[in-house]
Structures are given as structure tokens and as C-alpha cells.
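Data first, discussion second: the structure below is written as C-alpha cells.
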Amino acid sequence: MCAKRVILHVDVNSAFLSWEALDLLEHGATLDLRTVPSVVGGDETSRRGIVLAKSTPAKAYDIQTGETLFSARRKCPDLLVVPSHYPLYAKQSNRLYTLLCEYSPVIQRYSIDECFLDFTGMEYVHGDAVACAEEIRRRCETELGFTVNVGVGPNKVLAKMAGELRKPNFVNTLFPHELADKLWPLPVRELFMVGRQTERALARRGVHTIGELAHMDPKAVRYDLKSHGMLVWGYANGMDPSPVVPNDSVGPKSYSNAATLPADACTAADAHAALRPLCESVTERMRRDGWATKLLGVQIKYADFSVVQHQRALRDAICDSRTVFEHICALFDELWDGRPVRLLGARLGELCQPDCEQLTLEDSCKQISRAALDRVADCIRAKYGRTSLMPATMLRQDFSHLDRYAANSEKPKTNSPF
DNA sequence: TCTGGGGTCCTAGGACCC
DNA sequence: TCTGGGGTCCTAGGACCC
């Protein structure tokens with residue numbers, strides 16, 4: 001007989017802010033950021049001034065993640081704003097992961113501050129799942145110095161929703177017999193995968209709570225919202241068959257790097273210059289993980305915030321920065337309508353092994369020598385730092401928009417983002 | 001809105017083929 | 001061809017997550 005599935009979801013409370021607070025305390029600060037209205041924010045001078053994470057006291061001022069620092073300060077004039085440090089977050093994320101490895105061999109790092117553990121059958125080793133979740137919560141607080149929420153459920157979505165019920169520093173359960181009490185009264189927007197558009201579409205049907213969605217006729221949901229509707233209808237009814245997938249068992253689908261420019265680019269030359277470091281860093285990251293790409297894409301966000309993208313499949317896989325850059329510039333030129341550009345992005349998809357590259361005779365010499373050059377450059381940057389070697393055209397440029405996990409930094413392996 | 005960046009997945013529509 | 005219908009592939013756009 002199969003053991004009953006038990007999934008744990010571990011989520012760091014105000015992750016970036018907690019980790020900044022911890023780091024400051026370790027370096028002699030006397031104030032704990034977590035005890036005052038504070039946020040981790042992007043750099044306003046380069047037009048990235050948004051709230052990335054907030055303290056519990058900041059939440060009391062209705063400060064939201066993603067809102068501008070300008071707006072956050074208006075709500076709380078004494079707000080403390082600290083900049084972000086991604087290598088630090090990666091390090092703390094790894095500490096958490098190491099601790100969790102003691103409790104299950106099947107762990108999925110869902111993001112830099114969230115993990116799913118498949119606890120099925122582990123009761124025989126570690127005892128009751130809820131008691132174990134409590135132990136994890138306590139050990140994070142005492143041994144790691146930051147608090148987490150642990151959700152316990154029969155599948156991933158219920159474990160994750162359980163984690164949201166009471167915060168911070170709590171263990172919550174969400175099993176099928178608890179749905180009506182704990183899940184169904186909540187606003188439908190709080191359900192995983194129900195965003196603003198789905199919320200609007202459901203509101204047109206008079207559906208405002210998770211329970212109302214759960215009790216909808218699935219045919220009506222499918223009619224309105226297609227397959228995505230069936231997904232969230234299943235979630236509302238506590239159904240989620242998806243397995244906990246350890247990250248080393250699945251490769252990435254794509255790599256991308258985008259940056260809001262310190263000032264709008266108004267000429268093709270300006271845009272090309274901004275694309276160069278983006279292409280360099282994203283290609284280097286892909287190469288470091290041992291991939292080549294057969295699909296290149298460029299993204300433009302205009303000054304009015306409208307977004308367009310353009311992509312092209314390549315006949316041959318490539319992995320050298322210069323060739324990527326040339327293709328991306330060509331794609332940009334085809335896409336750009338001449339208006340001022342706020343953000344530029346480059347994306348590498350259709351990943352494959354570099355050794356299956358099918359080069360034509362004419363291209364092969366050029367690309368092989370470029371690839372060899374890149375490999376040497378990668379080694380030098382790994383040893384002496386990100387900016388120790390760069391194309392001359394990138395001298396005097398601002399590098400604050402380079403990959404957060406480019407060379408040398410400690411990168412956590414996750415399915416998504418970070 | 002003084003509105004980031006890195007991902008995944010889905011859908012619609014057009015090109016092309018039989 | 002004043003062209004049907006189904007299948008596949010490709011691209012653009014959008015929704016959602018953290």
C-alpha cells in the first residue's frame with residue numbers, strides 16, 4: 001500500500017529584509033531592521049526604485065512589495081530603505097537548504113526563499129510531519145537566525161496555501177477536511193495562480209471567494225478561463241497532482257537578462273551599447289552551466305511602459321557572446337520603432353548541448369575561435385572578478401544592471417527566478 | 001505609477017504542407 | 001483557383017509566480 005502523501009512548504013518570512021537585518025546585526029548594527037518600518041529597495045537613481053521586501057512593521061503602513069519607494073515613503077515618511085545584496089541572499093538560501101536536507105531527500109527549491117519537501121514515508125524516520133515541521137521552524141529561528149513559515153498538506157498547493165494562513169513564524173496545516181474552514185472563506189485572489197486578470201474574470205461571474213470558485217460548474221470555468229481555469233478550480237478544491245521535483249533533475253528552459261536603463265536609449269547605437277553587457281553576462285551564465293542556444297529573443301520596454309518582443313530560431317546552436325550580441329542587435333533593429341527605450345532584455349532559449357552544434361564550414365572557424373576566447377575570458381573573470389576583462393566598448397559603462405548571479409557569486413539552483 | 005528582473009506556461013494567429 | 005480541412009511549426013503576447 002502506498003504511504004499517504006505529505007508535503008511540507010518552507011517559506012522565509014520577509015526573506016530579503018530578514019537576511020539584510022541579520023547581516024547588519026552580524027556586522028555590529030544595534031538596530032534590527034525587522035523591528036522597525038523598513039524595506040529592501042531598488043536603486044532610485046537608476047529608475048529601479050521599488051519595494052523588494054518589507055518588514056512586518058512596514059506592512060502595518062500598507063506598504064506593498066512592488067510599489068515605488070516614492071509611494072512607500074508617502075505612506076511612512078520615516079521608512080528605512082536599504083539596498084539589496086543578492087549574493088548574501090543566495091548564501092542564506094543555501095544555509096536553509098542544507099538544514100532542510102536533513103529532513104527529506106526530495107526537495108524542490110521553488111525560489112530563493114521557498115522550498116517544497118516531499119515528506120511521504122519520512123514519518124518512519126523523523127516521526128509525525130507536523131511535529132517535524134515545528135522542529136524545522138524552531139531550528140531556523142535558533143540556528144539560522146531568521147524565521148520561516150512551514151505549511152503541511154497532502155500536496156504542494158495545499159502545503160503552500162497552508163503556509164500563508166498565519167505569519168510570521170508559524171506552522172500551519174491544510175488537509176482536505178480543513179478546506180471549508182481555512183481555505184474557502186479567503187478572497188479568490190489569495191489562491192495560488194489567481195492573478196489580477198483571473199480575479200477580474202471570476203468577479204464577472206460573481207465569484208469572489210475561493211469557496212465560490214470551488215463550487216463553480218467546471219464547464220463554466222473552462223469556458224471562461226480555458227485550461228488555466230481548470231488549474232485554479234482544481235486548486236480551490238484542494239487538488240494538485242504535481243510532484244516535488246528536485247532541481248538537479250530538470251534543466252533550465254531559458255536564460256535571460258534585462259535591465260531598466262539609467263536613461264532612455266534614443267538611438268540604435270545607444271541601445272546596442274546597452275545590449276552588449278546584457279548579452280555578455282547572460283551568455284556567460286548559460287555557458288557556465290554547460291549549454292548552447294538555438295533561440296534568441298530581444299525585449300523592448302518603451303518609455304510608455306508598453307512591451308514588445310521579437311525572437312528568432314537559429315539553424316545552428318551558439319554559445320559565444322559576440323555572436324549572440326550580433327544576433328540580438330539585428331533582432332533589436334527589426335523590432336524597434338524609433339521611440340525612446342526604457343528597458344532592454346536578451347533571452348536565450350531552446351537550450352542544447354554545445355557539442356551538438358552543427359556549424360557550417362564558413363562559420364565554424366569564426367565561432368570556434370570566439371568560443372575558445374570566451375572560455376579563456378570566463379576563467380579570467382572567475383578568478384579576478386566580473387569586470388576584470390571586458391570588451392573595450394563596455395569601458396566607462398555602468399554595470400549595476402549586470403546579472404545578479406554573474407561570475408563569482410554563489411548561485412542557488414532553483415526552478416525559477418533568482 | 002516616480003511602475004524590477006528572472007523565470008514558466010498557454011493561446012492565438014499565420015505560414016506551410018498534404 | 002474566386003480553394004476545404006487538418007496537422008504542425010513558429011512567433012508574439014500575455015498571465016502568473018517569486
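A note on names: the letters A, B, ... follow the listed sequences, proteins ahead of strands, and every chain is numbered from 1.
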Ion pair check, [X] and [Y], cut-off under 4.0 Å:
X       : Y       : result
R205(A) : D224(A) : yes
E102(A) : R139(A) : yes
E334(A) : R312(A) : yes
R322(A) : D320(A) : no

Residue [X], side-chain atoms from C-beta onward, closest of [options]:
X       : options                  : result
L295(A) : dT1(B), dT11(C), dC18(C) : dT11(C)
A313(A) : dT8(B), dC16(C), dT11(C) : dT11(C)
S227(A) : dC17(C), dT3(B), dT11(B) : dT11(B)
R285(A) : dG13(C), dT3(B), dG7(B)  : dG7(B)
S254(A) : dG7(B), dG13(C), dC2(B)  : dG7(B)
H310(A) : dC18(C), dT11(C), dT3(B) : dT11(C)
T260(A) : dA12(B), dG14(C), dG4(B) : dG4(B)
R48(A)  : dC9(B), dA12(C), dG4(B)  : dG4(B)
T68(A)  : dC18(C), dT3(B), dG6(B)  : dT3(B)

Looking for any heavy atom pair under 4.0 Å, which part of the strands does [X] touch: base, sugar-phosphate only, or nothing?
X       : result
V307(A) : nothing
R312(A) : sugar-phosphate
L69(A)  : nothing
R342(A) : sugar-phosphate
E44(A)  : nothing

What is the separation between atom [atom1] on [X] and atom [atom2] on [N], rounded to the nearest whole Å?
X       : N       : atom1 : atom2 : result
Y255(A) : dG6(B)  : OH    : C1'   : 12 Å
L335(A) : dT11(C) : CG    : P     : 14 Å
I50(A)  : dC2(B)  : CD1   : C1'   : 12 Å
R74(A)  : dT1(B)  : CZ    : P     : 10 Å
L296(A) : dA12(C) : CG    : P     : 12 Å
L52(A)  : dG5(B)  : CG    : P     : 10 Å
H228(A) : dC10(B) : NE2   : C1'   : 9 Å
Y110(A) : dC18(C) : OH    : P     : 6 Å

Check: side-chain contact (heavy atoms from CB on, under 4.5 Å) with T293(A): which of R287(A), M286(A), H327(A), R347(A)?
Finding: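 Testing T293(A) for a side-chain contact (heavy atoms from CB on, under 4.5 Å) against R287(A), M286(A), H327(A), R347(A) leaves exactly one candidate, M286(A).
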Do [X] and [Y] meet the criterion of a side-chain donor-acceptor pair at a distance under 3.5 Å?
X       : Y       : value
R138(A) : N169(A) : no
S46(A)  : D43(A)  : yes
T65(A)  : K54(A)  : yes
N172(A) : R166(A) : yes

Check: Taking OP1 and OP2 of dG6(B), is either one under 4.0 Å from a side-chain nitrogen or oxygen of N257(A)?
Finding: yes
Next item on the list: Within residues 192-218 of chain A, find the residues that approach DNA chain B with a heavy atom at under 4.0 Å, and present them sorted by residue number.
Entry: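 Under 4.0 Å from DNA chain B: no residue of residues 192-218 of chain A.
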Next item on the list: Give a yes or no answer on whether the side chain of N155(A) reaches the backbone of P241(A) with a donor-acceptor pair at less than 3.5 Å.
Entry: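 No, N155(A) side chain to P241(A) backbone: no donor-acceptor pair under 3.5 Å.
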Check: Backbone N or O of F170(A) within a donor-acceptor pair of the N149(A) side chain at under 3.5 Å?
Finding: yes
Check: Which angle, to the nearest 10 degrees, lies between the helix axes at the two ends of the helix from dG5(B)-dC18(C) to dC18(B)-dG5(C), each defined by five pairs?
Finding: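 The angle, to the nearest 10 degrees, is 10°.
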Next item on the list: For dC2(B) versus dC16(C), give the span between their C1' atoms, rounded off to a whole number of Å.
Entry: 25 Å
